[in-house]
Amino acid sequence: MSSTTPHPQETPPDAARPKTAVQATPGPGGVRLTLSGLLETEVLGPVWTQALAAARTAPGPDVEVEAREVLCLDGAGAALILRLRQVAEARGGRFSLTGLSPDLARMVDIFDPAAVAPLPPAAPLSFGQRLRVDIEDMGVWTVRLLAAWAGHIAFTGEMTAALFQALLHPRRVRWKDVLVAAEKTGVNSLPIVGLIGFLMGLIMSFQSAVTLKRFGGEVFIPNGLGLLCFRELSALITAILLAGRSGSAFAAEIGTMKVNEEVDALTTMGLNPVRFLVGPKIMATLAVMPIMCLFFDFFCLIGGAVVMLSLGFPLATYTSRVFASTSFTDFWGGMVKAMVFAILVAGVGCRRGLGTGEGASAVGDSTTSAVVLGIILVAVADGVFAVLFFYLGL
Amino acid sequence: MEKNEQSAAQAETVIRVENLTCTYGQDLIIDDISFEVKRGEIFIILGGSGCGKTTLLKHMIGLYPPKAGRVLIGGRDFVSAQGRERQDILRHFGVMYQSGALFGSMNLLENVRLPLEEFTSLPGEAMDLVARMKLSLVGLADYSGHMPSEISGGMRKRAAIARALALDPEILFLDEPSAGLDPVTSAGLDDLIKELNASLKMTFVIVTHELPSIFAIADRVIMLDKGVKKIVAQGDPRELREKSENPLVRRFFLREPDHPAQKGPRQEGQ
């Protein structure tokens, strides 16, 4: 027994392991706990519960720990002894530890009991104090909200300035970054834009066919589809796809740069992060958004054509009715909306990225809020456009 | 010295590296090296930047599979170990990474508690207490509620040591514990390592190139070199500094540049 050390490796293999146990007997003025076996993290759970229960429910406050048969002890074992001491002292009793071999006692002694003293429970607040805390919270939230809005406004200003600077000094723009962003945002998204467009055209035509068939009006499907596609759907759905694909990517990329102090590095080099990081992304998004919308329109109309052909109409009827029912105003209206949505989504993505806090989870938070806020802004702006177009008679 | 002789005489081998060859992609980093780490010693892997110190460490802790050779921890082959056996071996050591690698979404207490929650059946209050004790051991008892982003780099490293200690491992691997720390914090960390080594009889394998740390804590060192990709020296660092025949080793310990200072404007590093 004297050859014990705190190393698990030197203890016998599993089968021959001595059992870890605690025996509680009434002692003078409290309880006497006899600990035995291996007081190690893996096996200590049940003993901990028994020992603490015995100490807490003992008739007297004193706790006497007899540890002659303890073979081995690690951090968790030391924690048990410290906790028993705390329990005894909290109840106003005395604590004694006997029989622990000097080797193992060192394990207990290196921990400072004062440093891990139980934390005092938080005092309950009075009604007045609670009210004060609530009002303070409200103030804090209001200030934060206003600061966030101020940040958005400032960012919008900086972004606009960056875009105008790009117009005034086109040679200072980092066109390579613009092209890379355009490829990632636009070119790489064309398959999904085409797929969603095709499916939307197919589904809408098919669902309209079900309703219009009752009136024998399947021939009007292209009229509705063309109008809806050019005026509304292409801009809206492409913007939502943009938010999910690229708004999130902008936020994550700039957010990670922020976390890695790359944004700080730009600032101290005298480069404005908005001009350097945000400008190319916004320009790229603005450049590719009309192409994405056209792609969407094209595949949406193909989807509609598939339904019309399967209903037995010739292709010429379909195309002539689509173009007869839509005007250039509808088309350009949709394009203007798309450009505004593009600025909103890309701007929010970059803004969220620049506002990233510290750590990996902060990047996740900014990405989520970039997508959510992007989609909300697109929906609100779409509503504003609907009202505007109505009053303008477009 | 006295401790050295004593441990050499009686200590058992806890880690044995046999004919280890490491590559990184196509590049050969370490070529066929073998060494042993004894129980209870502070073993330091040193060498200039880019000589493969961290690569060697990551092979020893099983993150990278070696090109050839074996790593035995506690007598068991870690390279071929799978499933339960691998888990078993993993429980024998803790690792502190260069930047701490604390989980940013958890506070310090939760970081230290995580291994306890996952691998033990202790009641909640016991886990809390054990975690707080480990934090107090590294002097961070008052910061248990702080997030990793709210504390300094030195504190992060100490918290990472507390997390590595959570399950009372026998071996602690530290990757550049004092890099980027001020001399005072760095000396404090050295003291902590010595204290843990003495009181918990823990074995340390440390990657570093900080000379003051090496002389303060090392029982034994091995030195790697980028050129030959092998161990160029091993033994007590003080003796190596005084007696080594190898100019590479002497230059390292005496902090001399490997080429005389050039006159006029320097061509490199612009």
Side-chain angles (χ1 to χ4, degrees), chain A residues 5-10 14 20 38-53 56 72-87 103-119 259-260 356-365, chain B residues 12 14 39-40 73-76 88 91-92 99 101-106 109 112 115-116 119-142 144-145 147-151 162 165-171 192 195-196 198-203:
Chain A
T5 79
H7 295 293
Q9 267 218 334
E10 290 173 14
D14 273 9
T20 306
L38 310 169
L39 297 188
E40 287 186 332
T41 316
E42 289 117 64
V43 290
L44 194 68
V47 168
W48 179 291
T49 319
Q50 286 169 29
L52 264 290
R56 284 184 178 132
C72 167
L73 171 146
D74 67 3
L80 174 62
I81 288 167
L82 274 184
R83 173 62 92 217
L84 288 170
R85 173 195 289 269
Q86 288 171 354
V87 167
D103 234 19
L104 300 183
R106 275 193 80 174
M107 273 295 292
V108 181
D109 293 338
I110 58 167
F111 296 108
D112 172 18
V116 290
L119 304 169
V259 171
N260 289 341
T356 301
E358 292 255 347
S361 63
V363 177
D365 293 345
Chain B
E12 55 174 312
V14 282
R39 179 179 298 290
I73 293 184
R76 292 188 287 182
D88 254 19
R91 293 287 290 281
H92 281 100
S99 61
L102 296 170
F103 301 116
S105 55
M106 303 178 187
L109 188 78
V112 181
L116 294 165
F119 296 112
T120 72
S121 57
L122 292 176
E125 62 157 0
M127 289 192 229
D128 276 338
L129 186 62
V130 174
R132 288 180 60 205
M133 282 164 58
K134 303 288 153 125
L135 283 171
S136 81
L137 207 56
V138 298
L140 291 175
D142 298 333
S144 59
M147 301 303 279
S149 55
E150 295 166 346
I151 57 175
L165 288 173
L167 293 172
D168 292 284
E170 294 161 59
I171 310 163
L192 174 66
E195 166 70 23
L196 291 173
S199 55
L200 306 184
K201 300 191 182 61
M202 203 174 269
T203 311

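The sequence lines fix the lettering, A, B, ..., with proteins before strands; numbering per chain opens at 1. Treat the numbers as computed from the prediction; the structure is a model and nothing was measured.
Note: B:A126 leads B:A166, B:S144, B:A126, B:S149 in heavy-atom pairs under 4.5 Å with chain A. Ranked by heavy-atom pairs under 4.5 Å with chain A, the list B:T120, B:L129, B:L116, B:L135 is led by B:L129.
Taking NZ of B:K134 as the start and CZ of A:F111 as the end, the distance is 5.0 Å to the nearest 0.5 Å. In this structure, the separation between CE on B:M106 and OG on A:S361 is 10.0 Å, given to the nearest 0.5 Å. A distance of 11.0 Å separates OG1 of A:T41 from CE of B:M127, quoted to the nearest 0.5 Å.
B:L122 and A:A76 make their closest contact through CD1-CB, 4.1 Å (heavy atoms, listed as atom of the first residue, atom of the second, distance). When every heavy atom of B:V130 is checked against every heavy atom of A:A79, the shortest pair comes out as CG2-CB, 3.5 Å. Of all the heavy atoms in A:G45 and B:P123, the pair that sits closest is O-CD, 3.9 Å. Nearest heavy-atom pair across B:S121 and A:E42 is OG-O, 4.1 Å.
Partners of A:D365 under the side-chain contact (heavy atoms from CB on, under 4.5 Å) rule, at least two apart in sequence or in another chain, do not exist in this structure. Every side-chain contact (heavy atoms from CB on, under 4.5 Å) that B:A101 has, sequence neighbours left out, goes to B:Y97, B:R163.
Proximity to chain B is absent for every atom of A:A362, based on heavy atoms less than 4.5 angstrom apart.
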Should A:E40 and B:D168 be marked as a side-chain contact (heavy atoms from CB on, under 4.5 Å) after you check the CA-CA gap, both sets of side-chain angles, and the distance that decides it?
-> CA-CA 9 Å; A:E40 287 186 332; B:D168 292 284; over 6 Å; no

Decide salt bridge (charged side-chain N to carboxylate O under 4.0 Å, His left out) for A:R106 and B:E195; before the verdict, give the C-alpha distance in whole Å, the side-chain angles of both, and the deciding distance to 0.1 Å.
-> CA-CA 11 Å; A:R106 275 193 80 174; B:E195 166 70 23; 5.4 Å; no

